[in-house]
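Data first, discussion second: the structure below is written as structure tokens.
Each ligand, and each atom within it, is numbered from 1 in the order the structure gives. All residue numbers refer to positions in the sequence shown, counting from 1. Worth saying up front: this structure is predicted, and the values here are computed from it rather than measured.
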Amino acid sequence: MDAFVMEIFSSVQGEGPLVGCRQIFLRFAGCNLDCAYCDTPGDMRPAHCRSQNALDGKDLAFCKNPLNAGQVVAAVERLKPSMHHSISLTGGEPLLQSEFLLEILPLIKDTRLGVYLETNGTLTGQLESVIGMVDFIAMDIKLPGVSGLPPMWEKHRKFLAAAVQKKVFVKVVVGGKTGEEEFIQAVQLVAGIADLPLIIQPVTGSRSMRPEPARLLYLQERALDFLSDVRVIPQVHKMLELL
Ligand code: SF4
């Protein structure tokens, strides 16, 4: 089996409670959604995968897509998994490649704490097929007011109910126009499953799209009525101009 891969590189996690942890990122192309703020179009099929050959990031290779499992595992091995917290499966939506993940994950063994899945939280069947090989799940709940997508509450609820057996946290991206009602609906959805960590992530983009700091604090206060661990964390890798 082959997969379209955009990038394979070593960097620090820039979002959520594991911010700052060193990871190997395996960024897959393609997504089943089309969020208004997305910087990786869902139908993108890059001709080449860009991968680091060494940890300093200066030696880059460009491999023709799609890649087979052996090529991906070899590229990951070159980046010394043993010095990394975990391997981050990201995208796009990595669960679109669940059959490919079933091939490669048993072959990537040496990270310190395992496999970290970043997902839009909609593909429950695919999650169930790989969940035995995943250690951390970073799941989005998409708020219609900021993502521009139709509501997906039931899809997210079903996904989170399956994900909760692992170390899971939920992220909601909020913008300047995020309504309190949809935000609280997301918070209550999480609280209805378990008292899980919730990350409020201000949207990255033009100043007019971003929420006011006071608004972020207010939304955090509201969420703390339902959940015990609610954090406001921006995308740190963009501040540091990291990959
Ligand atoms: S889920 Fe992520 S990759 Fe997919 S369209 Fe939305 S922001 Fe982009």
According to salt bridge (charged side-chain N to carboxylate O under 4.0 Å, His left out), does anything in residues 73-92 pair up with another residue at least two apart or in another chain? List the pairs. none

Near Cys38 (heavy-atom distance under 4.0 Å), the atoms of ligand 1 are 3 (S), 5 (S), 7 (S), 8 (Fe)

Would you say the rings of His48 and Phe4 are close, in the sense that their centroids are separated by under 6.0 Å? no

At less than 4.0 angstrom from any non-hydrogen atom of Asn120, what atoms of ligand 1 do you find? 1 (S)

Side chain or backbone of Lys142 under 4.0 Å from ligand 1, or both, or neither, by non-hydrogen atoms? side chain

Under 4.0 Å from ligand 1, counting heavy atoms only, is it the side chain of Asp34, its backbone, both or neither? backbone

Between His156 and Gly121, what is the shortest heavy-atom contact and its length? ND1-O, 2.9 Å

Please determine, by modelled atom types, if Ser10 and His84 share a side-chain donor-acceptor pair under 3.5 angstrom. yes

Listed once per pair and sorted, the salt bridge (charged side-chain N to carboxylate O under 4.0 Å, His left out) pairs that draw on residues 170-188, sequence neighbours left out: Glu15-Lys171, Asp140-Lys171, Glu180-Arg222

Which atoms of ligand 1 have any heavy atom of Leu33 under 4.0 Å away? 5 (S)

Residue Cys31, metal atom 4 (Fe) of ligand 1, N/O/S under 2.8 Å: yes

For Tyr116 and Phe169, take the angle between the two ring planes, folded into 0 to 90°, and tell me which bin it lands in: parallel under 30, tilted 30 to 60, perpendicular over 60. tilted

So between Ala36, Cys35, Gly148, whose heavy atom ends up nearest atom 6 (Fe) of ligand 1? Cys35

By number and element, which atoms of ligand 1 are closer than 4.0 Å to a non-hydrogen atom of Gly92? 3 (S)

